[in-house]
Structure formats: C-alpha cells, structure tokens
There are 2 protein chains.
Amino acid sequence: MGKLERHATIADVAALAGVSVGTASKALNGRGSLREETRMRVREAARQLSFEANAGARSLHSGRTYTVGMITTDTIGRFSIPVLMGAEDALGAGEMSVFLCDGRDDPIREQYYVKTLLSRRVDGMIVTGRRTEARAPIGANLPVPVVYAFISSADPGDCSVVPDEAGGARKAVEHLLAVGRTRIAHITGPEHHNSARVRAAAATERLAEDGLSLVAPPLFGGWSEVWGRQAVGILLAGRTEFDAVFCGSDQIARGVCDALRAAGRRVPQDVALIGFDNWDVMTEACQPPLTSIDLDLEGLGRSAAQMLLAAINGSPSPGRHAHPCRLVVRESTVRESTTVPLP
Amino acid sequence: MGKLERHATIADVAALAGVSVGTASKALNGRGSLREETRMRVREAARQLSFEANAGARSLHSGRTYTVGMITTDTIGRFSIPVLMGAEDALGAGEMSVFLCDGRDDPIREQYYVKTLLSRRVDGMIVTGRRTEARAPIGANLPVPVVYAFISSADPGDCSVVPDEAGGARKAVEHLLAVGRTRIAHITGPEHHNSARVRAAAATERLAEDGLSLVAPPLFGGWSEVWGRQAVGILLAGRTEFDAVFCGSDQIARGVCDALRAAGRRVPQDVALIGFDNWDVMTEACQPPLTSIDLDLEGLGRSAAQMLLAAINGSPSPGRHAHPCRLVVRESTVRESTTVPLP
DNA sequence: GTGAAAGCGCTAACAA
DNA sequence: TTGTTAGCGCTTTCAC
C-alpha cells in the first residue's frame, strides 16, 4: 500500500465508484434518494480510498466548524486539568473538537489566541484559569459565545461556572459540628487569594449561625505543607484549646496533620481534621487519610461545556453559576471510615 | 456596536474599501504590487470590520491547515501535562493550533479521534501517554507524520521521543557515589511497570561498573508514600546496613524519608536520599527538601513538537530519541544546599 | 496597479 | 434515481 501521498477527495471516490460528485456526496451523507446498490458502491469506494471528508471545506457551507477553543488564562495546572478534561469530554460527546491554548499569564499571548481561534471560526470558547477570581472579559462583542469555567468574568452578564467555595466551606463546618466538634480553628492560604478569603468568611458565617465562632482568627499563610506545620506551632503556642482544624487546602491539612502527630495530638481523637480540594495525592498519603471537600472540577468543566453547547445552539445561560462541592469523609474526622470496602 | 451577527468576509472588506476581492486579498497578504494608498485603505476596512480571514477556506488552497492533533492514549495526568505544554509551546511558536484529544485508555475512542483529526486535515499528530512503555502504532500508512512523546511506538521506524530513564538512574547513583555513599538500597514501583524495571536495572549496572552492588535486591512495590514507609520497615527488619536510598519516585522517597525520621535515622547524615521525577509538591514538602532526577518533560514535549514540525516540512526523524534527564541537588543528599539563594 | 475568473473540496438546489 | 450547476471564502493566475 505504501504511505498515502495525499488525502482522497470526494471526486476520487466518485470517479472510482463511477458516479458524479453530487451523487457521491448524497451517498455518503445519506441525503436524497439513491439506489441502495449505488450507495453501497460509493461507500465501498470511500472505504478503499480511506476517504474522510474535508471538514474545512464542509464548514464553508454549514457555517459551523464543530470546534471550540479552550483558553487557559494562566499556566495549565492541577486545577485547570480536570476542568479541561470535563469540558473535552462533554464536547467530544457533542462531536466537537477542542483547540487547546495555554495563555501563560500573558495577555498578549491570550489576545493572539483569541484572534487565531476566531480565524479558525470556532463555534465557541471556554476560558479557564488557576484561580477563582473574576477576570476581565476576554473580548467585547465577540461573534461567538464564551463560557468562563472555574475562573469567572468580571462582566456579570457573561456566563461563568464557578465552584461554590462558600458552600463547600459551610459543608466542612457542618461536618465538624456533626461529629461533635465546636472548638474549631481555621488555617488557610494567603489572604490576598480570593479562595482563602471566601472560604474563611463562609466558615465564620456558618459557625455564627450556631452561635459559635472560630477559636482564633483565621491563620492566613501559604498553600503549602510547610505553612501547615508552622501554623500548628503558632496555634499550640497560643493558649486556645481546639478540637478541630478546618484547612483551606489538603496540602495545608497534611502539614497540620504531621505537626499535630509530632506534638502528640491524635487525629481524629483529639483533633478532627478536614482539608479542601480532595486531592488524592494528599488525602491518601495523610496519616490518617484525610476528610476533604471536593470541588468536582470535572463536573464543573462538563457543565460549562454543556452551557457552551446550549449557547451555540441559541440558548445562552448568562450570569454566574455556582457548581456545588461535595464532602468526602475519611478517617481524619471519624474513627472508622464510613466507606465500606468492597468484598 | 452590539454583538456581531456573523464574521466579515473578504468581500465585505473589498466592498467597504471600494476594490475587488482579488485586490483586497493581495493587500492583506502583502502579495502583488499595489499602491500604498490602496493597501492602507483595505487594511483600514479590515480593521473596521474586525476581519479575520477564514482559515478553513484558506487551507483549501494551501493544502495545509496549520493545526496538529495531540492524542493522549490514557487519561491526561501529571506526566502528560508538561509534555502537552511543551509541545503546545513549540507548536504555537510555529503558528500551529493544537487539537486536544483525551483517549481515556479506550482504543475505540482513540481511533475515533484519529479519524476526526484526519478529517480536519491536521498537518501532523503527537501521541503521548502516562507510561514510558512502547505501544502499538496509532495507525498504519497515515497520510500525515506522527511523533510519539514520552510513550514510544512499538514500530522502531516511528519517531518516538522518550525520557532517558536509564541515564537518569545512572546519574542518581553517580551522585550518591560522589557524596561518598556506597551502601545503596533501591525502593521503587511495581515490577510490572516498565519505568521501575528500567531504573532498577540501570542503577544496578552503574554500581557494577564500580565493582559495587545494591545492598539488597530492589524492593518493588507501589508508587506511593505508603509503600515508601512500608519498605523502610522491611529494610530495617533485615540486617543489611545502608547509607543511601535511591527511590523510583519522589512519592516513595517522601514516604521513606518520613519513616527513616520516625526510626531515628537522620537524612542526609545517616542516610542520603534521592527521588525521581522532581515533582515540586514532594521535593519541597519533604523534610529535608529532596534531591531528585528531573525528566524535563516540558523540554521533551518541545523537542517532540520540533521533530513533528520538521517532519511536516519534509525532514522526518525516524527512530527512538532519548531525552536526557537532569540531576537536581537538594538537602536530602548534601548537608547544605548547593543552590545559592538570590540576594 | 487593478479587476475578472478559475478553482480548492464540498453541499444543495435544480434539471434531467 | 442521477447529473449538472452554483456557491461557501479565499488565493492566484492572467488580462486589462
């Protein structure tokens, strides 16, 4: 057979089948009315030539390309991936192909990508990023719909799908209350980070609804294990007693866990511990395994993609949509894991 | 202005500028010889209409789409990402757009993507995956060049760019020897995993070159921290003395580190410790920070993309290409970090 | 220096 | 049932 030199065209197929291109087109797309024998003959010719219709030429008529662009505003990372995957999954099911564009925190590069995507006549775009903060819209009066996923647009009229971080923080607190803890500390990331502020505020608020408050003001620091360990030092140096720690991330929680153990406090007997993000690497390696809040990023991405598909089909969903978080219980908050191992 | 209803065509631009479409085309692409005034007038009209030439229509002539497909054979994960990013980076610089296709370990899905990409007339494809093992070629006699990155093709004639894991393992051993250790243990992932076997064999071989051997047969297990901790238990239960541990991954090394500390052995004074992958999450959280081997996946992806670009331009690089690994020294092998902090 | 016309690969009217 | 034709948006001869 040898390596094919060029793609077969529908003219090649028509010639081989001994019909006109119009007939070949109908046969391959199931349009018009043709003799079954003719249809088969054309199909067979197409198969023989490994014919795949040129999508570009095709979209010249339909006006649609069945492609979408995904732009990450900052470098692709641990949070963008599941979002991208969820979106890719939902779009693939919708027969859409996805252009991946890594913005790398560079607005110039980002605008370049927007132009490129428009020249490729994508049917829509998804914009995502590493942080949940609002960002400037990627463009004004774009000729195609845009959905922001994880990150949100500063324009409230734009469609944004964001994790319900406040709801997640409330679930964390409610879980700690449900297992009988009332003296709760909160250790989290840097105060300038939107997620840290939102989660801390929501936790405080939820406690207030039960007439409680954090045993100490939230400890803002970094998102790292190192900070988790340091923060425990600070907490223990103070006189405040605590029977639970709600952490702004799993990495922090892991650091907290290690430091508590080193200080002779047992988890969960003396201190119940809950993280945020439900990152398997951390929740599994933690001793004991870590209870956490799952952002369901893949579901979020899928949901964003579905909204984009709807918008492309003329039914936009303007505004900010909060995607719910899930509580995942493990042994850092309850003695025995509630999950029953499979037999 | 209001939301644009449709994309402007070159006919719109020509009409607004009061010239023919042919002239407009020349003006916008810098072809032919036109009066400077005309050129400017057309450019201005294009700007006013936010005109972006339809790439699909354009490629109808050029025969090239300036797009490539990236297919991950299995789910996109920690190893595929940097490869994808490096490739996207190199391709973007080459004015190429990238179609992202997540194979999800499903051969059916994978073949579906290959067909889709061919119908979109991509100029080439990059195939990647989570493991370094060889895999069946993605297709035979494809009309466009294919480069395998990280993963490799079972067909030795295909172009594959893979990390030089054996070289990395040798560098790890050489570093341990250089810091004066000779009684080296090796703890790594499952024996059925290609990377585990290759790294263990290379380490053994390198030691043999100096008339040495591992203090015990390689301990194969899982890639997790949990296994690292368990393995230390096994090692200590045996009578064999050791002054260094070479681990098959950073997660294992981290587990080893924690367990050694718990057992009263100091790192690096009593035991020097080196990991593999140079995963920042682990190397930084480890106490002390972990020396490791970096696969330079982003560089590998970039290199693969460049080979693809070359192949598209008629200069293929058939065969298997080993991409070198880098040693990154931190405090788990030397008392004071050799990296000088910036002032 | 500019316009008219053909053609890239395909689909969809309309004829035959 | 099938073939012919026009046209999607663009580039590129070739006349003028």
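Chain letters run A, B, ... following the sequence lines, proteins first and then strands; every chain starts at 1. This structure is a prediction, so every number in the text was calculated from the model and none was measured.
Donor-acceptor pairing under 3.5 Å is lacking for the side chains of A:S59 and A:S62. Under the 3.5 Å distance criterion, with hydrogens and angles disregarded, a donor-acceptor pair is assigned to the side chains of A:S195 and A:T132. In this structure, a donor-acceptor pair under 3.5 Å is absent between the side chains of B:S160 and B:R320. Side chain to side chain, A:H323 and A:D164 fail the donor-acceptor criterion of an N or O pair below 3.5 Å.
Bracketed by its first and final contacts, the part of DNA chain C lying under 4.0 Å from non-hydrogen atoms of chain A reaches from C:dG9 to C:dA13 in 5' to 3' order.
With hydrogens and angles ignored, the 3.5 Å screen pairs no side-chain donor or acceptor of B:Y113 with any backbone N or O of B:T72.
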Classify every nucleotide of nucleotides 8-16 of chain D by which part a protein heavy atom approaches to under 4.0 Å, writing B for the base, S for the sugar-phosphate alone and - for neither, in 5'-to-3' order. BBBBBB---
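With respect to the salt-bridge test (charged N to carboxylate O, under 4.0 angstrom), the residues A:R104 and A:D106 do not qualify. No salt bridge links B:R120 with A:E95; every basic N to acidic carboxylate O contact stays at or beyond 4.0 Å. Taking the charged nitrogens against the carboxylate oxygens, B:D89 and A:R109 do have a contact shorter than 4.0 Å, which makes a salt bridge.
A sub-4.0 Å separation between OP1 or OP2 of D:dT1 and a side-chain N or O of A:T38 is absent.
One can place CD of A:E37 at 12 Å from C1' of D:dT1, the figure rounded to the nearest angstrom.
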